[in-house]
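Let me begin by presenting the structure, written as structure tokens, before commenting on it.
Every number for a ligand or one of its atoms is a count from 1 in the order of the listing. As a basis for the values below, the full set of heavy atoms in this structure was taken, side chains included, without hydrogen atoms, waters or symmetry mates.
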Amino acid sequence: MRLAAVLLLLGVSLGLCAAQRDDPFFWLSSLRSRGYPVGSLQADNTGGECPAECDCPPTFPVAMYCDNRGVKTVPFVPSRMKYVYLQHNQITTVPDEAFANATNLVWLMMHENHISSVGKKAFAKMTSLDRLYLSNNNLTKVPVNLPTSLRDLRLNHNKIAKVPPNSFQGMDNLTILLLHDNAIQDVGVALKGLSSLTLLDISTNQLKKVPESLPEALHQLYLESNAIDSIPTNFLGSFTGLQYMRMAHNELTDKGIPPNTFNVSGLVELDLSFNKLERIPTVSTSLEHLYLQANQIKEFSLGSFCSVVDVMNFSKLRVLRLDGNEISLQDVPTDSALCLRMAAEVAL
Ligand SMILES: *[C@@H]1O[C@H](CO)[C@@H](O)[C@H](O)[C@H]1NC(C)=O
Ligand SMILES: *[C@@H]1O[C@H](CO)[C@@H](O)[C@H](O)[C@H]1NC(C)=O
Ligand SMILES: *[C@@H]1O[C@H](CO)[C@@H](O)[C@H](O)[C@H]1NC(C)=O
Ligand SMILES: *[C@@H]1O[C@H](CO)[C@@H](O)[C@H](O)[C@H]1NC(C)=O
Ligand SMILES: *[C@@H]1O[C@H](CO)[C@@H](O)[C@H](O)[C@H]1NC(C)=O
């Protein structure tokens with residue numbers, strides 16, 4: 001499947017390159033007019049022109065590798081390029097015209113740079129962009145005018161504090177959004193309408209409440225290491241396929257969790273460790289991993305994960321972490337074994 005895709009790309013791009021190769025002045029003149037130092041490009045006889053600081057393998061002429069080279073400014077990206085690797089460099093700004101001709105990009109990797117400013121039009125023309133990695137940079141806000149074609153957008157490990165409401169507008173195909181390790185206090189309604197989003201990571205930020213208007217299609221919701229003290233009523237009921245929910249290292253109390261919040265089928269993993277819970281919340285018998293370590297839980301309430309009416313409807317829990325609480329082995333009722341028969345790991 002993957003091989004077939006690569007072969008197809010090669011076939012398409014070879015046609016393009018042949019035409020460009022025949023006209024060296026085409027490149028020179030257009031570069032001069034754009035103010036690029038012409039000496040930095042090499043014309044070769046194989047894959048087409050390539051900036052001196054990058055590698056453009058003739059066998060894969062739509063890819064440009066400029067990662068790990070101490071690059072300080074975005075090199076010229078020829079219009080044939082689809083995959084551009086610029087990660088792990090010292091780029092500080094992405095000017096409006098940086099990718100003026102790179103309108104065919106599908107992947108753009110710019111993580112691990114020092115980017116603090118991005119031009120309003122820098123990414124605007126990339127109508128086929130699928131992956132944009134800007135993690136581990138110095139951004140203080142979500143860049144504007146990001147392509148709506150994005151499926152995988154990584155903005156983690158920056159200093160983002162502001163997420164304007166229209167940041168992700170129209171990104172109907174966005175599936176992965178990583179915003180963790182930033183300085184976000186509130187995402188407002190920015191995530192509303194992301195109908196394809198399945199993975200959302202906003203952990204290690206400064207959220208005081210669960211973001212409102214979260215996309216219904218989420219499978220994985222990561223909110224750990226924030227300052228969230230409560231969960232809205234019927235919160236999980238608004239998702240159609242949520243399987244993993246991580247809220248470790250927050251300020252959750254029993255009072256902040258409405259009854260039956262987690263008693264919903266479908267959930268596979270629930271991490272509520274390192275909070276301020278005093279009771280084990282009721283979870284569905286279908287849950288497989290429950291992390292509750294390092295809370296202030298004082299009693300082992302079997303009814304929280306087992307049906308007291310129907311013993312045959314036993315818990316599917318495989319991992320139950322309760323260590324670092326105020327309960328010990330003596331507090332566990334003897335009939336727990338019947339209900340927790342699937343559990344391979346129970347830590348007290
Ligand atoms: C950049 O794109 C413009 C418009 O498509 C074209 O006229 C120009 O020749 C291109 N320049 C380079 C260096 O590819
Ligand atoms: C990050 O940006 C700030 C200004 O917002 C600047 O003072 C600092 O030097 C930048 N750090 C890096 C590593 O570029
Ligand atoms: C989403 O993907 C579909 C199928 O590839 C495509 O037709 C559609 O234009 C894409 N939507 C956006 C907003 O790019
Ligand atoms: C959990 O939900 C089921 C219905 O989905 C219900 O039958 C059961 O009583 C609930 N458990 C508790 C402890 O409320
Ligand atoms: C077990 O109980 C849950 C509710 O807690 C219910 O949805 C499910 O159908 C029951 N399963 C069986 C096998 O009775």
Side-chain donor/acceptor pairs under 3.5 Å, residues 333-348, sequence neighbours excluded:
residue	atom	partner	partner atom	Å
Ser336	OG	Pro333	O	2.6
Arg341	NE	Leu338	O	2.8
Arg341	NH2	Val311	O	3.4
Arg341	NH2	Leu338	O	3.4

Is the shortest N/O to N/O distance between Thr282 and ligand 4 below 3.5 Å?
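For ligand 4, there is no N or O atom that lies under 3.5 Å from one belonging to Thr282.
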Give the numbers and elements of all ligand 4 atoms closer than 4.0 Å to a heavy atom of Asn263.
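Those qualifying, in numeric order: 1 (C), 2 (O), 3 (C), 8 (C), 10 (C), 11 (N), 12 (C), 14 (O).
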I'd like to know if Arg318 and Glu269 make a salt bridge, using a cut-off of under 4.0 Å between side-chain N and carboxylate O.
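Between Glu269 and Arg318 there is no salt bridge, as every charged N stays at least 4.0 Å from the carboxylate O atoms.
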Answer yes when Asp55 and Arg69 have at least one side-chain N-carboxylate O distance shorter than 4.0 Å, and no when they do not.
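Answer for the salt bridge query: yes.
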Select one of side chain, backbone, both or neither to describe which atoms of Val264 lie under 4.0 Å from any atom of ligand 4, heavy atoms only.
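Under 4.0 Å from ligand 4, Val264 contributes no heavy atoms.
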Using residues 189-200 as the side-chain source, report each donor-acceptor pair under 3.5 Å to any protein atom, sequence neighbours left out, with the distance given to one decimal.
residue	atom	partner	partner atom	Å
Ser196	OG	Asp172	O	2.5
Thr198	OG1	Thr175	O	3.4

Between ligand 3 and the protein, which N/O pairs fall short of 3.5 Å?
residue	atom	partner	partner atom	Å
ligand 3	2 (O)	Arg151	NH2	3.4
ligand 3	2 (O)	Asn173	OD1	3.4
ligand 3	2 (O)	Asn173	ND2	2.4
ligand 3	5 (O)	Arg151	NH2	3.4
ligand 3	11 (N)	Asn173	ND2	2.8

Of all residues at least two apart in sequence or in a different chain, which pass the ring pair (Phe, Tyr, Trp, His ring centres under 6.0 Å) check with His157?
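Expected list: His180.
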What is the ring orientation for Phe300 with Phe305, classed by angle as parallel under 30°, tilted 30 to 60°, or perpendicular over 60°?
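Perpendicular.
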Take the angle between the ring planes of Phe239 and Phe235 and call it parallel below 30°, perpendicular above 60°, tilted in between.
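Ring orientation of Phe239 relative to Phe235: perpendicular.
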